[in-house]
Amino acid sequence: MPLFLIGYMGSGKSTLGRGIAAALGWRFIDTDKEIERSEGLSVSEIFATLGEEAFRKMEHDLIASISPDEQAVVSTGGGAPCHFDNMERMNAAGVTVYLKIPAGALVQRLLQSRTRRPLIEGKSPEELRLYIESHLAEREPYYGRATHVIEGVGIRPEHIIEALRESGKIAKNE
């Protein structure tokens with residue numbers, strides 16, 4: 001059963017996902033990295049040349065290809081739950097965990113990040129804060145449909161694993 005990590009850009013999906021996958025001995029899939037690998041273009045280049053709609057379709061197809069039988073931790077793009085029927089697909093195929101981080105913490109993380117992110121490129125710190133607050137409000141109805149919500153900064157892979165074990169979503173011996 002796959003474990004899908006969802007949440008806003010900068011929430012730690014990729015970092016935590018790698019740690020969870022390593023601890024469980026599962027495969028790790030970063031949807032953005034998989035799309036970049038298969039297309040031979042960065043996410044920024046895909047947005048610039050093919051457009052967001054084409055990227056969202058690629059993201060949807062990748063999510064749809066993940067088998068409910070696969071033991072994988074999947075780090076999704078921040079917008080993935082909000083497009084097509086991705087949230088329903090992820091919930092049907094496995095367990096979804098929303099990494100809920102306050103807007104202020106996201107602003108700080110994204111300002112310090114060296115990763116190019118097409119949706120926020122060129123924004124001032126104030127523009128970034130307003131953008132994130134607005135975007136989070138739009139996305140919250142999708143994110144809120146996750147089977148688990150884990151709040152807070154400083155979450156570690158073992159916290160997520162323990163929460164899923166306690167809920168019976170991951171076997172104690174995994």
Side-chain angles (χ1 to χ4, degrees), residues 1-47 52 55-56 58-67 70-83 86-87 89-91 93-121 123 128 131-132 135-136 139-140 142-143 146-164 169-170 174:
M1 157 208 67
L3 167 62
F4 296 92
L5 299 179
I6 67 168
Y8 204 73
M9 66 178 106
S11 63
K13 299 178 301 285
S14 295
T15 302
L16 289 166
R18 275 190 290 279
I20 294 166
L24 295 174
W26 289 11
R27 178 177 171 215
F28 175 66
I29 301 168
D30 181 313
T31 59
D32 286 353
K33 298 294 181 214
E34 285 293 314
I35 291 168
E36 288 178 339
R37 185 188 56 70
S38 71
E39 296 300 312
L41 298 168
S42 71
V43 171
S44 293
E45 290 169 330
I46 293 169
F47 267 68
E52 182 177 0
F55 173 79
R56 296 300 178 195
M58 293 172 201
E59 189 175 56
H60 168 74
D61 292 345
L62 177 57
I63 289 168
S65 75
I66 298 170
S67 167
E70 188 166 2
Q71 289 187 316
V73 178
V74 183
S75 168
T76 66
C82 312
H83 297 275
N86 290 342
M87 199 63 214
R89 282 184 178 275
M90 291 185 288
N91 278 331
V95 174
T96 51
V97 175
Y98 169 27
L99 302 174
K100 187 172 185 173
I101 306 294
L106 291 169
V107 170
Q108 291 308 309
R109 287 180 180 192
L110 292 169
L111 286 172
Q112 295 169 6
S113 173
R114 284 182 245 118
T115 303
R116 286 190 65 207
R117 300 175 190 267
L119 294 177
I120 62 168
E121 213 160 341
K123 292 191 182 329
L128 181 60
Y131 180 81
I132 289 172
H135 229 195
L136 274 176
R139 290 180 173 185
E140 191 64 35
Y142 298 96
Y143 292 164
T147 55
H148 289 75
V149 176
I150 297 190
E151 295 190 39
V153 178
I155 295 297
R156 300 179 51 83
E158 55 269 19
H159 298 142
I160 296 169
I161 293 168
E162 188 56 35
L164 294 173
K169 296 297 181 182
I170 294 179
E174 289 190 73

Engineer: What distance do L5 atom CG and T15 atom OG1 have between them, rounded to the nearest 0.5 Å?
Structural biologist: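 L5 CG to T15 OG1: 10.5 Å, rounded to 0.5 Å.
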Engineer: Could you tell me whether the side chain of F4 reaches within less than 4.5 Å of the side chain of I29, counting heavy atoms only?
Structural biologist: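 Counting from C-beta outward, I29 and F4 never come under 4.5 Å.
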Engineer: Heavy-atom distance under 4.5 Å between the side chains of V43 and I35, does that happen here?
Structural biologist: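 A side-chain contact under 4.5 Å is absent here.
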Engineer: Determine whether H159 and I150 make a side-chain contact, defined as any pair of heavy atoms from C-beta on separated by less than 4.5 Å.
Structural biologist: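 No, every pair of side-chain atoms sits at 4.5 Å or beyond.
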Engineer: Please work out whether the ring planes of Y143 and Y98 are parallel, tilted or perpendicular, with thresholds of 30° and 60°.
Structural biologist: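 Correct class here is tilted.
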Engineer: Can you confirm whether L110 sits close enough to I132 that some side-chain heavy atom of one is under 4.5 Å from a side-chain heavy atom of the other?
Structural biologist: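 SC-SC contact between L110 and I132 confirmed.
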Engineer: So which atom in S75 and which in S14 form the shortest heavy-atom distance, rounded to 0.1 Å?
Structural biologist: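 Heavy atoms only, the tightest pair is OG-OG, 3.2 Å.
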Engineer: Just how far is it from atom CD1 of I170 to atom CD of E162, taken to the nearest 0.5 Å?
Structural biologist: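 Interatomic distance, I170 CD1 to E162 CD, rounded to 0.5 Å: 10.0 Å.
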Engineer: Could you tell me whether the side chain of R27 and the main chain of E70 form a donor-acceptor pair under 3.5 Å?
Structural biologist: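 The answer is no, because no donor-acceptor pair under 3.5 Å joins these two groups.
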Engineer: Using atom types as modelled, flag every donor-acceptor pair under 3.5 Å from a side chain in residues 60-67 to any protein atom, sequence neighbours excluded.
Structural biologist:
{"from": "H60", "atom 1": "ND1", "to": "N86", "atom 2": "OD1", "distance (Å)": "2.8"}
{"from": "D61", "atom 1": "OD1", "to": "K57", "atom 2": "NZ", "distance (Å)": "2.8"}
{"from": "D61", "atom 1": "OD2", "to": "K57", "atom 2": "NZ", "distance (Å)": "3.2"}
{"from": "S65", "atom 1": "OG", "to": "L62", "atom 2": "O", "distance (Å)": "2.7"}
{"from": "S67", "atom 1": "OG", "to": "D69", "atom 2": "N", "distance (Å)": "3.0"}

Engineer: Quick check: closest heavy atoms across S11 and L16, and the distance to 0.1 Å?
Structural biologist: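 Looks like O-CD1, 4.5 Å.
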Engineer: Is it true that, when you exclude K169 itself, more than 12 heavy atoms of the residues, nucleotides or ligands shown sit nearer than 6.0 Å to its NZ?
Structural biologist: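 No, the 6.0 Å shell around NZ holds no more than 12 heavy atoms from other groups.
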Engineer: Is the shortest side-chain heavy-atom distance between L99 and K13 below 4.5 Å?
Structural biologist: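 Yes, their side chains come closer than 4.5 Å.
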Engineer: Mind checking whether V74 and M90 have side chains closer than 4.5 Å, heavy atoms only?
Structural biologist: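 No, too far: nothing below the 4.5 Å cut-off.
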Engineer: With sequence neighbours excluded, tell me which residues meet ring pair (Phe, Tyr, Trp, His ring centres under 6.0 Å) with F28.
Structural biologist: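 Not a single residue meets the ring pair (Phe, Tyr, Trp, His ring centres under 6.0 Å) criterion with F28.
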Engineer: How long is the straight-line distance from CD of E59 back to CG of D32, given to the nearest 0.5 Å?
Structural biologist: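 Output value for this atom pair is 6.5 Å.
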Engineer: I'd like to check I101 versus Y8 (side-chain heavy atoms, cut-off strictly below 4.5 Å). Are they in contact?
Structural biologist: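 With C-beta onward as the side chain, the pair stays apart.
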Engineer: From D30 CG over to E36 CD, what is the distance, rounded to the nearest 0.5 angstrom?
Structural biologist: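 That separation rounds to 8.0 Å.
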Engineer: How far apart are the closest heavy atoms of G77 and T31, and which atoms are they?
Structural biologist: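 Scanning both residues, the minimum pair turns out to be N-OG1, 3.2 Å.
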Engineer: Can you find a pair of side-chain heavy atoms, one from T96 and one from T76, that are under 4.5 Å apart?
Structural biologist: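 No; the side chains remain at least 4.5 Å from each other.
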Engineer: Search all heavy atoms of I6 against all heavy atoms of A146 and return the closest pair with its distance.
Structural biologist: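 Minimum heavy-atom separation between I6 and A146: CD1-CB, 3.9 Å.
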